[in-house]
Amino acid sequence: MIEIRNITKTYNKETVLKIDSLKINSGQTFGLVGNNGAGKTTLFSALLDLIKPTTGEVLNNGINVRTSEDWKSFTSAFLDESFLISYLMPEEYFYFVGELRNFSKKQVDEFLSQFEDLFNGEILGGKKFIRDLSKGNQKKVGIVAALIGDPEVIVLDEPFANLDPTTQIRLKKIIKNLSQKVGVTVLVSSHDLQDVTEVSDRIVLLEKGLVIKDIKKTKKTLQDLESYFTKE
Amino acid sequence: MFQLIKLEYKSFFRSSTLGGKIAAKIFMWLSYIYILFMTIGLAFIHGNGGAAFVKQEADVENPFLLLNSNMLFYIFVFWVVGRYFGQATPIINIKPLLLLRINRDKIIRFSLNKTIFSFFNLISILYLIIFSLTIYSPEKFDLTQLMLWNLSMYFILYITNFLNIYLNKKDRVVIVLGVILVIVYALDYFQIFSFNPISEWIFYMFYEDKILVIIPIIILAFTYYRVIQFFKNNFFIDTGLRKKVMEAKQDNLVFLNRFGDMSTFLRNDFRLIKRSKRARTTALMSLLCILYGLIFLGTQDLLGDTMLFFGYLFSTGGFIFTFCALVPSWDSQHYSFMMCQNIKYVDYIKSKWYLGSFGVIIATIIALPIYGFFGSYHLIAVLCCGLFNLGVNSYLTLWAGAFTKVKIDLDSFKNAMGNTKALNSKTMLLTLPQMVLPLVLYWVVSTFFGHTIGCISVGSIGILGVLFKDMVLNIIIKTYKIEKYSTLSAYKETN
């Protein structure tokens, strides 16, 4: 589904990302781990054409993201709060995203009903704009909006950070459910090794922009990763 | 104090859009110099009793009385309402400073005292000084009295200065003042009632009676004290700096549905204007622009037809020059989101063009009856100016938007004093070619073929622009695609 070829990103002679080749198959749940500055967000940004890689290219379903915009119809993402429109109410925001993905209001309402648990009564039907929600609730809005309209590629940067434990557990369940669906590719990054190993079936470890480990998840994966990070 | 200045200096020079900022600063300084010379010239001419430059010989017996009789109006137009739009409120990124070991009073006084030396105030004082020097002669005036009169005026100036800071969170007061001004001006224009004798009586008193200087001093001291108190009380993180929570109400804006796919975006832009204070102030200002032509209508004999045409260009294009000049900055907070959605970049840009044309059409519809009232001469001029704005200036603004890269913080209560200034010197820079182009065309054509043909020539270019909409937008989008990445990174920057 996603193919990364010879990608590098250099800021002022400092290379922050250098990946020769990385293929993510359709239907995979892909976890990205690494310390701060490892290049996780840079990689995701390049994938969404938000930064211009110094060299190389990203193909999303065979489409070069730099030259065509067709990938936008089946890809969705939530990277940070810049993916929210602060002056809208959560409902208005969901409908807006729905409209862009050809979902009617009714379809959006129906879709949102499955997240009642996650929203915990704090998001829908309130009298607040997104800007007045708490950080955690804002995140919930952004993540759920990224799932509207049956996207085939979903990119989530640090989805578990800032969330309370209950929500984290519910979110993990949602992501696991997504990966059960045929043809849905989920890309998740995290600092938290446990979270990410729990939801993904393939894990890539980045360190200073380089791929250090690329492993299929087994029972031993979490232990492996933990020992890697303790070593240093 | 020095530390605070250093911080502002750093935030300027370390900004990623430094080049643009410097260009804007240079433009700002050039316009300052222009205004400086205009002020000196005007003060000199007024002091010599000339009403304007064109009339050479003195036609006013006593310029001092004339100034006094107009003082009240000028104070309100320039010092109160003009200042509200033109002068930025002092802003310091205050939150991180509050926890440091800088005295809170010091921060407040620093930001307030900075305004004392604002260009706006200095220029007003300069005018008064030059005016006074020009009129002064030992036979006619008493030096002490004149100096005290001057002092009183400076104090009044600074009363309006601090009042403006205080009022900056209250749109309503300014709207009310604006409406009163228009009424007062209309009453005077149609010779129903004139406030000039009252104004003359009040302000001449400051000259006649030396002791009266105390009144503005007391009021000034009181205003300064009030403003300081106001900020002191609002300077805790949990009160003044916290965003005001406005009760949200969903609105579906069904009437926009007729615009098809574009309605999705137009709806959000309407909500933005409704819900963000800064967007609202800017949109409001573009409404006021509609009346701008009246200034040139009143002085047509003096300044000529071309200046009147300029006025009409501004009247119908106000929304483009103010609000749209900050497109796509209004979306700066969620620009990366927009870039990832299931929408072509060109459609997004197109929706912004529709927004601009919406503004032009509304302004033209409002302006037509106002100016059409004075005859078909004005009717056709307004209509053609509207067309030009619709078909040419809207694109130019949009194209320049690719380079603006100013981040707008919509939830701006983070700054204690609220970042509500509607004007941006960078965006004003662009209005120059947008004005010069049609003006030159109109001037040349109308000189040879008369007013009507002159208007039509400008208007037909506008129509051409509308007809070739898709072609022009496709050219514009290329620039946007090139600038996309640096725009995204500029929007990521705080401050």
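So you know, we letter chains A, B, ... as the sequences are listed, proteins then strands, and number each from 1. All heavy atoms count here, side chains included; hydrogens, waters and symmetry mates do not.
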So what's closer than 4.5 Å to chain A heavy atoms on B/Asn268: side chain, backbone, both or neither?
both
Side-chain donor-acceptor pair present, A/Asn35, A/His191, cut-off under 3.5 Å
no
Heavy-atom contact with chain B under 4.5 Å, split by part of A/Ser73
both
Using non-hydrogen atoms and a 4.5 Å limit, figure out which bit of B/Tyr335 sits close to chain A: side chain, backbone, both or neither.
backbone
For A/Leu84, is it the side chain, the backbone, both or neither that has a heavy atom under 4.5 Å from a heavy atom of chain B?
backbone
Would you say the side chains of A/Asn60 and A/Thr75 form a donor-acceptor pair under 3.5 Å?
yes
Residue part contacting chain A, namely of B/Leu488, when any heavy atom lies under 4.5 Å:
side chain
Give me each pair satisfying side-chain hydrogen bond (donor to acceptor under 3.5 Å, both in side chains) with a member in residues 112-122 of chain A, each pair once, sequence neighbours excluded.
A/Glu122-A/Asn137
Is the distance from the ring center of A/Phe103 to that of A/Phe94 below 6.0 Å?
no
Considering only heavy atoms, which portion of B/Lys484 lies under 4.5 Å from any heavy atom of chain A: side chain, backbone, both, or neither?
side chain
Side chain A/Asp192, main chain A/Asp195, donor-acceptor under 3.5 Å:
yes
Engaged part of A/Asp70 at the chain B interface, taking heavy atoms whose separation is under 4.5 Å
side chain
Decide whether A/Glu158 and A/Ser189 meet the rule of one side-chain donor and one side-chain acceptor closer than 3.5 Å.
no
